[in-house]
**Student:** 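Handing you this structure, nothing more for now.
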Amino acid sequence: MTTNGSNHVDWQHVSGRRVIVLGSTGSIGKSTLDVIAHTRRTLGEEAFPIVALTAQSNAELLAVQVREFRPKLAVIGDESRFAQLRDLLGDTETELAAGHDAILDAASRPAEVTMLGIVGAAGIAPALAAVKRGGIIALANKECVVAAGSVFRKAMHASRATIVPVDSEHNAAFQLLDFLQSHAIDKVVLTASGGPFRSWAKDDMASVTPEQAVAHPNWSMGAKISVDSATLMNKGLELIEAHHLFGLPPDKLGVIVHPQSIVHCLVSYADGSTLAHVSAPDMRTPIAHALSWPRRMASPSRRLDLAALAGLTFENADTGRFPCLALAQASLQAGGLAPTILNAANEIAVHAFLARRIGFLDIARVVDRALSAPNLLDGEIEDLEQVLELDSRTREFANDEVGRLAA
Ligand code: NAD
Ligand code: MG
């Protein structure tokens with residue numbers, strides 16, 4: 001069937017999918033709702049019915065989203081904001097709830113697609129709840145895979161969920177990888193923009209401000225991932241994410257700095273072929289891919305104009321100037337508890353940097369100290385409880401280190 005010259009038959013098929021957006025007020029959440037709004041303008045208001053929207057503290061924006069997207073349920077994580085949400089939405093039919101358990105309830109409701117757009121380890125439990133329920137898990141939150149690694153993998157294999165990565169490099173890899181010929185994969189290379197300090201001397205980074213660090217050259221993202229991109233920790237977390245999502249050993253995973261963020265991932269095969277995924281740096285492309293997978297649908301994302309680009313360049317990552325990448329690579333090699341510690345210490349350090357308590361180069365110092373703290377490296381992580389316990393012990397340790405550095 002053709003409407004106005006464009007073939008909508010496939011999108012109509014997928015647009016009946018019920019969607020949950022966890023972290024709807026964040027950068028990923030807003031882009032997800034933008035893609036859905038775009039589809040609704042073409043196919044009507046019934047497209048992608050929303051089961052639940054959740055946010056941590058921005059009740060105003062959540063209320064605006066509820067009025068536009070009419071979810072069945074809206075949850076605010078911070079219970080002290082519930083009264084505000086209720087006042088803003090007293091006249092709607094949407095069920096309103098607050099607190100961590102209510103977010104888990106939202107993540108578990110019946111739906112075909114769940115967008116995991118929560119930032120940080122706070123996304124671990126909701127992610128596992130969604131994986132257990134099944135369907136398409138549109139995975140933006142990388143910290144849950146890094147911190148809960150083997151637990152996440154076990155849950156993924158035990159469920160009927162399909163993880164469609166939304167992180168742009170992993171979404172690209174997901175599209176490029178020939179899972180039936182995994183023995184013939186030589187290397188998966190993730191590109192890194194290099195962030196705002198790509199060409200800076202290390203000493204000059206000592207005094208950078210949060211404003212400079214979050215000013216990403218190519219992507220507009222939340223504060224935490226923007227700082228991670230500036231330290232290159234983001235690429236390190238992504239290597240660990242790729243290891244778990246694609247079941248590839250560390251020596252088959254690589255990183256290359258590509259400042260234009262046009263090529264997102266390169267997959268090399270045994271026969272000498274290298275496949276690359278290219279697109280404009282716009283998260284609405286991988287989001288639309290996840291919403292419609294295994295089909296494709298239109299998205300409002302920016303289009304690529306290769307002729308307008310001066311050129312595409314590639315260079316090796318410098319772990320001397322960006323020690324967070326080296327710490328993450330070492331954690332990937334070490335496995336076990338290291339990635340959980342790496343992630344938790346990094347979250348605390350990044351928040352402390354954003355709060356101007358420690359300097360930019362202190363982020364790597366805090367993570368390094370946590371990774372070599374003997375009392376943290378003790379124990380096992382075989383279930384969610386153990387992951388959360390190690391996460392919280394590491395946070396305490398990292399907070400103490402922040403206190404020392406800030407003094
Ligand atoms: P963001 O800070 O803009 O948004 C985070 C969302 O999570 C908000 O809706 C917030 O309310 C919610 N949230 C925060 N703390 C929470 C808590 N304790 N409990 C429940 N909800 C909480 O972040 P973002 O940039 O949208 O990133 C979200 C995730 O996606 C991150 O894991 C990030 O690494 C990943 N990611 C983002 C991008 C991007 O372009 N923004 C790209 C790739 C991957
Ligand atoms: Mg990425």
Side-chain angles (χ1 to χ4, degrees), residues 20-34 52-62 65 74-79 81 85 97-107 115-127 129 137-148 165-174 190-195 214 216 218-229 232-242 245 255 258 261 263-265 277 279 281-287 290 301 343 346-347 350-351 354 388 391 395:
I20 295 168
V21 185
L22 304 175
S24 65
T25 53
S27 166
I28 288 288
K30 286 189 280 188
S31 293
T32 304
L33 292 177
D34 193 40
L53 298 179
T54 78
Q56 180 60 9
S57 52
N58 191 345
E60 281 109 345
L61 179 55
L62 182 60
Q65 293 177 336
V75 180
I76 190 92
D78 180 348
E79 297 183 31
R81 308 285 175 114
L85 186 69
H100 180 70
D101 288 351
I103 292 183
L104 290 183
D105 172 38
M115 172 59 71
L116 297 178
I118 292 174
V119 61
I124 298 174
I137 309 298
L139 181 83
N141 176 299
K142 64 194 85 188
E143 294 92 343
C144 68
V145 187
V146 173
V166 169
D167 209 347
S168 52
E169 301 76 7
H170 306 69
N171 180 268
F174 185 82
L190 311 177
T191 61
S193 71
V214 300
H216 195 278
N218 305 333
W219 300 94
S220 156
M221 312 181 285
K224 196 263 176 181
I225 183 177
S226 297
V227 175
D228 285 346
S229 300
L232 289 200
M233 177 61 90
N234 183 51
K235 214 45 56 181
L237 298 175
E238 291 186 357
L239 286 172
I240 302 171
E241 179 187 12
L245 290 184
V255 167
H258 164 51
S261 299
V263 179
H264 303 291
C265 179
H277 178 281
S279 72
D282 186 328
M283 289 308 293
R284 293 173 299 180
T285 291
I287 288 168
S301 48
N343 182 67
N346 180 58
E347 282 192 32
V350 170
H351 283 124
L354 286 169
L388 297 179
D391 176 79
R395 279 164 198 272

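Note that these values count all heavy atoms, side chains included, but never hydrogens, waters or copies made by symmetry. Whatever order the structure lists them in is the order used to number ligands and atoms, beginning at 1.
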**Student:** In the protein, which heavy atom is nearest to atom 43 (C) of ligand 1, and how far is it?
**Tutor:**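 Protein heavy atom with the smallest distance to atom 43 (C) of ligand 1: D167 OD1, 3.1 Å.
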**Student:** Salt-bridge test for R395 and D391: reply yes if a basic N is under 4.0 Å from a carboxylate O, no otherwise.
**Tutor:** yes
**Student:** For a quick check under 3.5 Å, do S261 and N218 share a side-chain donor-acceptor pair by atom type?
**Tutor:**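 Result is yes, a qualifying pair exists.
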**Student:** Does any N/O atom on T54 come nearer than 3.5 Å to any N/O atom on ligand 1?
**Tutor:** no
**Student:** Just to be sure I read this right, does ligand 1 sit under 4.0 Å from the backbone of S27, its side chain, both, or neither, counting only heavy atoms?
**Tutor:**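 Both the backbone and the side chain of S27 come within reach of ligand 1.
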**Student:** Examine the proximity of ligand 1 to T25 and report which part, side chain or backbone, both or neither, has a heavy atom under 4.0 Å away.
**Tutor:**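 Answer for T25: both.
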**Student:** Start with the C-alpha gap between T32 and V166, add the side-chain angles, then the distance that decides, and say whether side chain to side chain contact (heavy atoms under 4.5 Å, CB included) holds.
**Tutor:** CA-CA 10 Å; T32 304; V166 169; over 6 Å; no
**Student:** Is a side-chain donor or acceptor of R284 paired with a backbone partner of S31 at a separation under 3.5 angstrom?
**Tutor:** no
**Student:** To the nearest 0.5 Å, tell me how far E143 CD sits from E347 CD.
**Tutor:**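 With rounding to 0.5 Å, CD (E143) is 5.5 Å from CD (E347).
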**Student:** Roughly how far, to the nearest 0.5 Å, is CE of M115 from CG of L22?
**Tutor:**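 Going from CG on L22 over to CE on M115, the span is 9.5 Å.
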**Student:** With a 4.0 Å cut-off on heavy atoms, is G117 touching ligand 1?
**Tutor:** yes
**Student:** In Å, rounded to the nearest 0.5 Å, how long is the span from OG1 of T54 to CG of L104?
**Tutor:** 10.0 Å
**Student:** If you take the nearest heavy atom of each of Q56, E169, M283, which one is closest to atom 20 (C) of ligand 1?
**Tutor:** Q56
**Student:** Short list, please: which atoms of ligand 1 are under 4.0 Å from a heavy atom of M221?
**Tutor:** 25 (O), 39 (C), 40 (O), 41 (N)
**Student:** Hey, is the main chain of A140 close enough, under 3.5 Å, to the side chain of D167 for a donor-acceptor pair?
**Tutor:** no
**Student:** Answer yes if the side chains of T285 and S301 hold a donor-acceptor pair under 3.5 Å, and no otherwise.
**Tutor:**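 A pair is found: one side chain offers a donor N or O, the other an acceptor, under 3.5 Å apart.
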**Student:** How far is atom 27 (O) of ligand 1 from its nearest protein heavy atom, and which residue and atom name does that atom have?
**Tutor:** I28 CG1, 4.1 Å
**Student:** For the Mg ion (ligand 2), state how many protein N, O or S atoms fall inside a distance shorter than 2.8 Å.
**Tutor:**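 Every protein N, O or S atom under 2.8 Å from the Mg ion (ligand 2) counted, the figure is 3.
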**Student:** Using distance alone, determine whether L116 and ligand 1 share an N or O pair under 3.5 Å.
**Tutor:** no
**Student:** Looking at side-chain heavy atoms only, is the closest gap between Q65 and V21 below 4.5 Å?
**Tutor:**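 Q65 does not reach V21 side chain to side chain.
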**Student:** Rounded at 0.5 Å granularity, tell me how far CD in Q56 sits from NE2 in H100.
**Tutor:** 10.0 Å
**Student:** Using a 4.0 Å heavy-atom cut-off, which part of H100 comes near ligand 1: side chain, backbone, both, or neither?
**Tutor:** neither
**Student:** What protein heavy atom sits nearest atom 36 (N) of ligand 1, and how far away is it?
**Tutor:**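 Here the nearest protein heavy atom works out to I225 CD1, 3.6 Å.
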**Student:** I need the single residue from I240, L116, V119, N234 that forms a side chain to side chain contact (heavy atoms under 4.5 Å, CB included) with K142. Which is it?
**Tutor:**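 With K142 as partner, side chain to side chain contact (heavy atoms under 4.5 Å, CB included) holds for just one option, N234.
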**Student:** Show me which atoms of ligand 1 lie under 4.0 Å from any heavy atom of A122.
**Tutor:** 17 (C), 18 (N), 19 (N)
**Student:** When you measure from atom 35 (C) of ligand 1 to each heavy atom in G222, G26, A140, which option holds the nearest one?
**Tutor:**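 Looking at heavy atoms only, A140 sits closest to atom 35 (C) of ligand 1.
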**Student:** Below 3.5 angstrom, do we get any N/O pair linking G23 and ligand 1?
**Tutor:** yes
**Student:** Report the nearest protein non-hydrogen atom to atom 29 (C) of ligand 1: residue, atom name, distance rounded to 0.1 Å.
**Tutor:**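 Residue, atom and distance for the closest contact: I118 O, 3.6 Å.
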**Student:** Any idea which protein heavy atom is nearest atom 32 (O) of ligand 1, and the distance to it?
**Tutor:**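 I find the closest protein heavy atom is E143 OE1, 2.6 Å.
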**Student:** Give, for atom CD1 of I225 and atom CE of M233, the distance between the pair rounded to the nearest 0.5 Å.
**Tutor:**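 Going from the CD1 atom of I225 to the CE atom of M233 covers 13.0 Å.
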**Student:** Using a heavy-atom cut-off of under 4.0 Å, does the side chain or the backbone of I103 touch ligand 1, or both, or neither?
**Tutor:** side chain
**Student:** What is the distance from atom OG of S193 to atom NZ of K235, rounded to the nearest 0.5 Å?
**Tutor:**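 If we round to the nearest 0.5 Å, S193:OG and K235:NZ are 7.0 Å apart.
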**Student:** What pair of heavy atoms forms the shortest contact from V263 to H258, and how long is it?
**Tutor:** N-NE2, 3.0 Å
**Student:** Can you report which non-hydrogen protein atom sits closest to atom 34 (O) of ligand 1, along with the distance?
**Tutor:** K142 CE, 3.2 Å
**Student:** Could you tell me which atoms of ligand 1, counted from 1 in the order shown, lie closer than 4.0 angstrom to a heavy atom of A55?
**Tutor:**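 Answer, ordered by atom number: 11 (O).
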